[in-house]
J.: 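To start, I am sharing the structure in question, which I have written as structure tokens.
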Amino acid sequence: MSEHPPRIEQDVTPEYRAGFACLVGRPNAGKSTLTNALVGDKVAITSSKPQTTRHAIRGIRTSEDSQLVLVDTPGLHKPRTLLGQRLNDLVRETLLDVDVVGFCLPADQRVGPGDTFIATELADLRRARRTPVVAVATKSDLVDRQRLAEHLIAIDGLGEWDAIVPCSATRGDQVEVVASELTSRLPLSPKLYPDDVITDEPEIVMIAELVREAALEGVRDELPHSLAVVVEEIVPREGRPEGSPMSDVRVNVFVERDSQKAIIIGRGGSRLRDVGTRARTGIEDLLGQRVYLDLHVKVAKDWQRDPKQLRRLGF
């Protein structure tokens, strides 16, 4: 994340703003859903299970007067594994390299020790870097007005914020206000990306994320942390008629135990077929062509705690 793209030479208004915004918050605070709502397209996987985001995915929102490049990070949390430590390090590195931060605090959960931990980190960042921080009360649609008011007061008491905005990314409430608060704090700058780009994530990473999202759908709570996806290859199918291309996509899903492998595969392979069907739809949309998805589930014992295996799985 430290290497920014070269600024694009073009005619933009003298008041044009462009830069990087990072959404932080504890796991399952609604960061990925808000990223997708701000960009207007699906660039970050969403799941009801906490800790599903593993990569800092950039979503890009371009308008007539600004370009907001959103960096979606894993949730900051008290790490219990080597993977957890690495995810926290990734968030801290990202924070040092952005122009504005959005601190997500879900309205349906009380402000707790995890939020206080992040608020302390952000206070240090504001002091050291003068990075503006906008507090966002996410999931406002899940609570009544009284509870939302209490939540906003609790956020105010947590630290000094440049703005506090309640919003519901799923319903679209106040998403434009969040966008405005973030973009108004970007530096004056020409565009960083062409108008039609909404993410700079490589296709291979997006495909892995789509498979992970499908695999996490409706499974037990212990699985999200134990699931890693590696795209082995994407090969154009030979002998296809012109104008009707097709790709063979081979993907390995890694879990830590045989019992987890059984959960992913399901009785008679039924669950794995559902995962493949769901993921294939998203992959075909992404690649713009038909796809044969070849999915395999493998056990990599205790990979979250093994530095060698973490490296092999891309962490």
Side-chain angles (χ1 to χ4, degrees), residues 1-25 29-44 53 55-73 90-105 118-119 121-138 140 155 159-169 172-201:
M1 157 79 220
S2 56
E3 285 187 27
H4 288 174
R7 310 231 165 214
I8 291 168
E9 293 301 321
Q10 66 209 139
D11 296 326
V12 288
T13 62
E15 293 302 301
Y16 201 88
R17 293 182 181 275
F20 292 81
C22 178
L23 298 181
V24 299
K31 301 179 294 294
S32 296
T33 308
L34 182 54
T35 296
N36 292 336
L38 286 165
V39 176
D41 212 320
K42 185 166 183 166
V43 291
T53 304
H55 299 276
I57 291 180
R58 294 173 181 179
I60 302 160
R61 176 193 172 101
T62 304
S63 67
E64 283 179 18
D65 54 8
S66 65
Q67 188 173 69
L68 180 68
V69 184
L70 286 146
V71 184
D72 180 44
T73 59
L90 175 68
V91 181
R92 291 192 182 101
E93 279 171 33
T94 304
L95 283 172
L96 293 173
D97 211 24
V98 296
D99 302 299
V100 60
V101 175
F103 180 18
C104 297
L105 302 104
I118 295 166
E121 298 246 337
L122 293 177
D124 292 344
L125 183 74
R126 287 184 91 216
R127 271 194 299 275
R129 295 276 178 139
R130 305 222 167 148
T131 307
V133 180
V134 175
V136 184
T138 54
S140 64
I155 291 172
E160 278 187 50
W161 316 117
D162 292 83
I164 302 175
V165 185
C167 86
S168 164
D173 300 349
Q174 299 257 100
V175 171
E176 291 305 312
V177 178
V178 175
S180 169
E181 291 291 352
L182 294 173
T183 53
S184 68
R185 291 171 172 85
L186 296 177
L188 293 170
S189 160
K191 285 176 188 168
L192 301 164
Y193 294 90
D195 287 359
D196 58 347
V197 174
I198 61 161
T199 181
D200 71 348
E201 278 297 302

J.: Output all residues satisfying side-chain hydrogen bond (donor to acceptor under 3.5 Å, both in side chains) with E160, sequence neighbours left out; order by chain, then residue number.
T.: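 Here no residue qualifies.
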J.: Would you please name every residue forming a side-chain hydrogen bond (donor to acceptor under 3.5 Å, both in side chains) with S140, sequence neighbours left out?
T.: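 Partners of S140 under the side-chain hydrogen bond (donor to acceptor under 3.5 Å, both in side chains) test: none.
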J.: Is it true that a side-chain atom of Q67 and a backbone atom of T62 form a donor plus acceptor pair closer than 3.5 Å?
T.: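 No, Q67 side chain to T62 backbone: no donor-acceptor pair under 3.5 Å.
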J.: Minimum heavy-atom separation for P190 to A18, with atom names?
T.: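 P190 and A18 have their closest heavy atoms at O-CB, 3.3 Å.
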J.: Is the closest side-chain heavy-atom distance between Y16 and L188 below 4.5 Å?
T.: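 They are not in side-chain contact.
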J.: Not counting sequence neighbours, which residues clear side-chain contact (heavy atoms from CB on, under 4.5 Å) with A29? List them please.
T.: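 A29 satisfies side-chain contact (heavy atoms from CB on, under 4.5 Å) with K31, C104, P106 once adjacent residues are dropped.
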J.: Only counting residues at least two apart or in another chain, list the ones meeting side-chain hydrogen bond (donor to acceptor under 3.5 Å, both in side chains) with T183.
T.: none
J.: Between atom CZ of F103 and atom CG of L125, what is the distance when rounded to the nearest 0.5 Å?
T.: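 So the CZ of F103 and the CG of L125 are separated by 12.0 Å.
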J.: Any heavy-atom pair between the side chains of L95 and C22 that's under 4.5 Å?
T.: yes
J.: Evaluate the side-chain proximity of V71 to L23: yes if any heavy-atom separation is below 4.5 Å, no if none is.
T.: no
J.: Would you check if I60 and L70 make a side-chain contact, meaning some heavy-atom pair closer than 4.5 Å?
T.: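 With C-beta onward as the side chain, the pair stays apart.
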J.: Looking at L38, is its backbone amide N or carbonyl O close enough to the side chain of R61 to form a donor-acceptor pair, meaning the two atoms are under 3.5 Å apart?
T.: yes
J.: Please list every donor-acceptor pair under 3.5 Å in which a side-chain atom of residues 128-136 meets a protein atom from a residue at least two apart or in another chain.
T.:
residue: R129; atom: NH1; partner: L96; partner atom: O; Å: 3.0

J.: Holding to side-chain contact (heavy atoms from CB on, under 4.5 Å), I want the full list of residues that pass it with D124, two or more places apart in sequence or in another chain.
T.: R127
J.: Taking side chain as C-beta onward, heavy atoms only, is R185 less than 4.5 Å from D99?
T.: no
J.: Test of understanding: with side-chain hydrogen bond (donor to acceptor under 3.5 Å, both in side chains), list the residues that count as partners of R17, not counting sequence neighbours.
T.: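 Per chain and number, R17 pairs via side-chain hydrogen bond (donor to acceptor under 3.5 Å, both in side chains) with no residue.
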J.: Side chains of P166 and Q174: does their closest heavy-atom pair fall under 4.5 Å?
T.: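 A side-chain contact under 4.5 Å exists here.
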J.: A21 and L68: which non-hydrogen atoms are nearest, and at how many Å?
T.: CB-CD1, 3.6 Å
J.: Let me confirm one number: the CG-CZ distance from L192 to F20, rounded to the nearest 0.5 Å.
T.: 5.0 Å
J.: Go through the structure and list residues passing side-chain contact (heavy atoms from CB on, under 4.5 Å) with S63, not counting sequence neighbours.
T.: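 With sequence neighbours excluded, S63 shows a side-chain contact (heavy atoms from CB on, under 4.5 Å) to D65, S66, given in chain and number order.
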J.: Quick one, C167 with V177, criterion side chain to side chain contact (heavy atoms under 4.5 Å, CB included). Give me CA distance, side-chain angles, the key distance, then yes/no.
T.: CA-CA 8 Å; C167 86; V177 178; over 6 Å; no
J.: Please check if the side chain of D173 supplies one atom and the backbone of S168 the other of a donor-acceptor pair under 3.5 Å.
T.: no
